[in-house]
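If you read the sequence from its start, that first residue is 1, and numbering goes on from there. Order of listing sets the numbers, starting from 1, for every ligand and every atom in it.
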Amino acid sequence: MLSADFLNLGRDIEMVNNSEADWFHLDVMDGRFVPNISYGMSIIAQMKKMAKKTMDVHLMILEPEKYFEEFKKAGADILTVHYEASTHLHRNLQAIKALGMKAGVSLNPHTPVHLLEDVIADIDLVLIMSVNPGFGGQKFIQQAMQKITKVKSMITAAGSNTLIEVDGGVTLENAGALVAAGADALVAGNTVFSSPDPVDTIKKLKQAGK
Ligand code: ZN
């Protein structure tokens, strides 16, 4: 939703409600972990009143553990923290789940996937950043493709149900390859909202993944 039109946010939420999209992906930025500030729990709580799908909240913030309860209250169904912002990752995962949400971990482009080896079975969602977090509309970093394959084999080896989500630079051109590599969820804000027919673009993204 970072690429949505905030002057017409209700219209854009309705568009997603009526599309084949599965989740709302909400990027929260603090101007410290990433060089940008987006929106926080009060906006998410307002969106929740209208949104009819899973609220997938991606926290690009330092000390995320301070706000888990507030994001739960705002309506988050999935709460993802960054590996790089979590000194006590295992504790954060347990705390998110104890509040009744699915727990995700995101990796910046430079962070190797093997760092998740000892916690992979505790993670509901691994979010691979395929751009440097902070802004929408960036170009896909090709290295992310191999990271998806590696995480996928870690998940399979652990016998876990962990989902893989890819965020950044997802287009109609690379969607098929991402899903073939093992991605379960694609975040494609710019591709969807900059297209003339977002509902049709979402439909095409879903087809590309089949
Ligand atoms: Zn995101």
Check the orientation of His25 and His58. Use parallel for under 30°, tilted for 30 to 60°, and perpendicular for over 60°. tilted

So that I can tick it off, tell me whether Asp22 and Lys53 are bridged by a salt bridge, with the cut-off set at under 4.0 angstrom between side-chain N and carboxylate O. no

For the Zn ion (ligand 1), find the closest N/O/S atom on Asp167 and give its atom name. OD2

Give a yes or no on whether a salt bridge exists between Asp77 and Lys48, defined as a side-chain N under 4.0 angstrom from a carboxylate O. yes

May I ask you to decide whether Glu63 forms a salt bridge with Lys66, counting only side-chain N to carboxylate O separations under 4.0 Å? yes

Out of the N/O/S atoms in His58, what is the name of the one closest to the Zn ion (ligand 1)? ND1

Rounded to 10 degrees, the angle OD1 of Asp27 makes with NE2 of His25 at the Zn ion (ligand 1): 100°

